[in-house]
Amino acid sequence: MPTTVSTATGQAESMVLNMGPQHPSTHGVLRVVLELDGENVVKARPDIGYLHTGIEKSCEAKTYSQAITLTDRIDYLAPLSNNLCYCLAVEKLLNLTVPKRAQYVRVLLTELTRIGSHLVWLGTHAIDLGAMSVFLYCFREREEIMKIFEMVSGQRMMTSYFRIGGLALEPPVGWLERVAKFVEAFPSHLAEYEDLLTENRIWQGRTKGVGYLKPEDAIAMGVSGPPLRAAGVAYDVRKFFPYSSYDEFAFDVPTRTESDCYARYLVRMAEMGESLKIVRQAMSKIPAEGPIRTDAPGIIPPQREKMKTEMEALIYHFKIFTEGFSPPPGEVYQNVESPRGELGFFVASDGSPKPMRVKVRAPSFVNLQALPMLVTGRLVADVVACIGTLDIVLGEIDR
């Protein structure tokens, strides 16, 4: 129930209203405490913690390999980005070099993940603002990406396909043909979304000039990803700190200077096109044959072709997965460019088969602190647009 904040004379001055945590437009169990003067937002305070899973702490009770399955659940719209960041951190701890074939497959799949995540963002953001058709179209294309993930890993969402040292399984025959079919069809669908929204007067009215964020404020708060690039700051981890052979790929970092909801929309639309460009390059780079994981006896199970029997391979995999391996004591930090911004994993080892500490630098968590700045002085209806334009995932925020 809304409450009123009164002055000493007893005259009503403003109203405090809870938006969420059970609200379809907060994109999860986010509670925003709004102080309103009529329809205008005087103050906004995000209240989080309703989805806390304790994933970081749970990693300490798992072996390094077992913890991979937990990373899927952090940002459940981009599980392969989480897998990749965590695996890169452990590989840095172990000083492992991943074969090029595995690196290129990782790049291809994480860029498909970026497109799939942006499609969920665009569809849900559009339906928040009243564009029903776009939601249906976006999920139509995302379904094709989910089918590719299922074909490669056996799972649609919680894939756990990237493993320490490489990949879990040899990619199946014909998977690149499936990717090629998607790559060929997607540009026309992307143009379809733009035809529906980009010049749409209602869409522009709900997003242009709404949710302005100064570049210096974005930098000061640690904002990253599309919200930062829409403010004119061309920071992308793939360019500044290349990983998994990203330095071998040609792509641009889309930026805008308007730094409003409309600019963030344009940046993400352009990013889907750039991801498509990277996918095409990765398809041409992936060798037809070669190892999918590095050779590290006692740490990484070898490919099954090198095993004498199928049973021997299963026993080896089970032993590594359940008993684990013991990396040297030390600590590392690894960052990647997730669909939401800079995702980082800090992993500390005490020399045991289980990590001593795992800490996640979650871009949704950091970007959410910009919300009060975006909505203060705006109308209540603009709060919905601002939350959507940040593209938060509450599993990543509360983790």
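Predicted, not measured: the structure shown is a model, and the values here were computed from it.
Checked by atom type, the side-chain pair Asn82/Asp72 shows no donor-acceptor distance below 3.5 Å. For the residue pair Ser224 / Glu342, no side-chain donor-acceptor distance below 3.5 Å is found, with atom types taken as modelled. If you check the side chains of Tyr193 and Glu141, you find a donor sitting under 3.5 Å from an acceptor. Between the side chains of Tyr246 and Glu111, a donor-acceptor pair is found at a separation under 3.5 Å. With 3.5 Å as the limit, one finds a donor-acceptor pair spanning the side chains of Thr389 and Arg264. His125 and Asp391 share no donor-acceptor pair across their side chains, judged by distance under 3.5 Å alone.
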Worksheet item: Given the rule in the salt bridge (charged side-chain N to carboxylate O under 4.0 Å, His left out) test, do Lys147 and Glu150 qualify, once you have shown the distances and angles that lead to the verdict?
Response: CA-CA 5 Å; Lys147 288 177 181 177; Glu150 185 176 19; over 6 Å; no
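In this structure the side chain of Thr294 never reaches within 4.5 angstrom of the side chain of Val98, judged on heavy atoms.
With ring centers used as reference points, Tyr235 lies under 6.0 Å from Phe240.
With sequence neighbours left out, Phe139 forms a ring pair (Phe, Tyr, Trp, His ring centres under 6.0 Å) with Phe135.
When every heavy atom of Met283 is checked against every heavy atom of Leu108, the shortest pair comes out as CG-CD1, 3.6 Å.
Checked for salt-bridge contact, Arg140 and Glu143 miss the test: no charged N lies under 4.0 Å from a carboxylate O. Taking the charged nitrogens against the carboxylate oxygens, Glu337 and Arg229 do have a contact shorter than 4.0 Å, which makes a salt bridge. The residues Glu91 and Arg106 are annotated as salt-bridged, a charged nitrogen and a carboxylate oxygen being separated by less than 4.0 angstrom. Ion pairing between Lys277 and Glu274 holds under the 4.0 Å rule for side-chain N and carboxylate O. Ion pairing of Lys57 with Glu60 is present here, as a side-chain N (NZ or NE/NH1/NH2) and a carboxylate O approach within less than 4.0 Å. Salt-bridge formation is not detected for the pair Glu396/Arg399: no Lys NZ or Arg NE/NH1/NH2 atom is positioned less than 4.0 Å from an Asp or Glu carboxylate oxygen.
With Tyr333 as the aromatic partner, Lys92 does not meet the cation-pi criteria of under 6.0 angstrom to the ring centre and within 45 degrees of the ring axis. A cation-pi arrangement is present between Lys285 and Phe249, with the terminal nitrogen or guanidinium carbon under 6.0 Å from the aromatic centre and inside a 45° cone about the axis.
Put simply, Leu129 and Val210 are part of two different groups of oily side chains (I, L, V, M, F, W, Y) that touch within less than 4.5 Å, one to the next.
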Side-chain donor-acceptor pairs of residues 351-359 under 3.5 Å, sequence neighbours excluded:
unit_1: Ser352; atom_1: OG; unit_2: Asp350; atom_2: OD1; d: 2.7
unit_1: Ser352; atom_1: OG; unit_2: Lys354; atom_2: N; d: 3.4
unit_1: Ser352; atom_1: OG; unit_2: Lys354; atom_2: O; d: 2.9

